[in-house]
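See below for the structure under consideration.
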Amino acid sequence: MALLSVHCVTVNARDPEALAGFWAALIGGTPKDAGNHFVLVDPGEGRVPLLFQRSDDDNPRPGWIHLDCGTPDREAAIETITGLGGALAERRSDSNGDWIVMTDPEGNPFCI
């Protein structure tokens with residue numbers, strides 16, 4: 001049994017609306033305001049949606065993305081992930097919910 005399932009791929013963007021429009025033209029779907037400066041593109045048909053979040057940071061590595069993953073037991077997932085060499089970066093929340101930022105052994109972030 002798999003520990004995590006991918007819910008969407010999140011992309012940092014200076015202009016989330018414009019970037020979401022570009023990707024919607026490529027993968028299908030219509031950009032939708034998801035609140036808190038997030039724009040969702042759901043291509044439907046069981047395909048993984050893309051979520052664009054506003055970032056004003058200069059990105060030294062173009063194309064930086066992270067996975068947003070779901071699990072029925074976050075605390076068990078954290079234990080497994082850290083046991084495999086990952087790390088808990090931070091616990092976050094906003095008006096849409098809460099999540100945990102993890103990093104893989106190379107420091108790449110992903111959320112559960």
Side-chain angles (χ1 to χ4, degrees):
M1 181 168 100
L3 179 65
L4 299 176
S5 61
V6 176
H7 288 182
C8 72
V9 175
T10 302
V11 179
N12 283 352
R14 287 191 173 272
D15 186 349
E17 296 81 8
L19 197 55
F22 170 82
W23 281 101
L26 297 176
I27 66 170
T30 302
K32 294 189 172 134
D33 182 357
N36 298 315
H37 305 290
F38 288 78
V39 180
L40 179 69
V41 176
D42 186 353
E45 303 170 28
R47 297 182 306 171
V48 176
L50 299 179
L51 183 65
F52 298 86
Q53 68 181 2
R54 182 173 310 283
S55 175
D56 296 326
D57 295 335
D58 286 330
N59 187 356
R61 297 183 315 191
W64 181 83
I65 60 174
H66 70 267
L67 296 178
D68 286 339
C69 303
T71 181
D73 187 341
R74 284 186 184 165
E75 296 307 315
I78 292 168
E79 185 175 340
T80 300
I81 292 163
T82 56
L84 293 170
L88 189 155
E90 65 181 315
R91 295 176 186 266
R92 309 259 336 242
S93 65
D94 66 17
S95 61
N96 285 329
D98 61 309
W99 63 96
I100 299 168
V101 180
M102 304 293 298
T103 59
D104 69 16
E106 293 188 9
N108 297 307
F110 63 98
C111 298
I112 58 174

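Just so you know, residue 1 is the first one in the sequence shown, and it goes up from there.
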Notebook entry, point to check: Shortest non-hydrogen contact from P31 to A24?
Noted result: CD-CB, 3.7 Å
Next item on the list: For C8 and V48, work out which heavy atoms get closest and say how close.
Entry: CA-CG1, 3.6 Å
Item checked: Pairwise distance CZ(R74) to CH2(W99) - rounded to 0.5 angstrom -> 9.5 Å
Next item on the list: Taking the side chain as every heavy atom from C-beta outward, state whether L67 and M102 have any atom pair closer than 4.5 Å.
Entry: no
Next item on the list: Hey, could you give me the SG/CD1 distance between C69 and I81, rounded to the nearest 0.5 Å?
Entry: 7.5 Å
Margin query: Measuring only between side-chain heavy atoms, which start at C-beta, is P43 closer than 4.5 Å to E45?
Written below: no
Note to self: Just so I know, are the side chains of S95 and N36 near enough to count as touching, which here means a heavy-atom distance under 4.5 Å?
What the structure shows: yes
Notebook entry, point to check: Between K32 and E17, is the closest basic N to carboxylate O distance under 4.0 Å?
Noted result: no
Check: Roughly how far apart are T71 OG1 and L4 CG, rounded to 0.5 Å?
Finding: 5.5 Å
Margin query: So which atom in A87 and which in T82 form the shortest heavy-atom distance, rounded to 0.1 Å?
Written below: CA-CG2, 4.1 Å
Next item on the list: Output the distance between atom CD (E79) and atom CG (L84), rounded to the nearest 0.5 Å.
Entry: 10.5 Å
Margin query: Taking the side chain as everything from C-beta on, heavy atoms only, tell me whether I27 gets closer than 4.5 Å to V41.
Written below: yes
Checklist line | Q53 vs V11 side-chain heavy atoms within contact, under 4.5 Å | finding: no
Note to self: Would you say L51 ends up clustered with V6 if hydrophobic residues are merged whenever their side chains have heavy atoms under 4.5 Å apart, either directly or through other cluster members?
What the structure shows: no
Notebook entry, point to check: Within a reach of under 6.0 Å around CD of E90, are more than 12 heavy atoms found that belong to other residues, nucleotides or ligands?
Noted result: yes
Margin query: Quick one, R92 and D98 - any side-chain contact, counting heavy atoms below 4.5 Å?
Written below: no
Notebook entry, point to check: Does the side chain of F110 reach to within under 4.5 Å of the side chain of I112, using non-hydrogen atoms?
Noted result: yes
Check: If Ile, Leu, Val, Met, Phe, Trp and Tyr residues are connected whenever their side-chain heavy atoms lie under 4.5 Å apart, and connections chain through other members, are L19 and L26 in the same group?
Finding: yes
Item checked: Closest approach of V101 to P109 (non-hydrogen atoms, all atoms of both residues) -> CG1-CB, 4.4 Å
Checklist line | Nearest heavy atoms of P49 and H7, plus distance in Å | finding: CD-O, 3.2 Å
Next item on the list: Look at the side chain of D73 and the backbone N and O of E75, then say whether any donor-acceptor pair between them is shorter than 3.5 Å.
Entry: yes
Check: F52 versus V9: any side-chain heavy-atom pair under 4.5 Å?
Finding: no
Check: How many angstroms lie between atom CG of N12 and atom CZ of R54, to the nearest 0.5 angstrom?
Finding: 11.5 Å
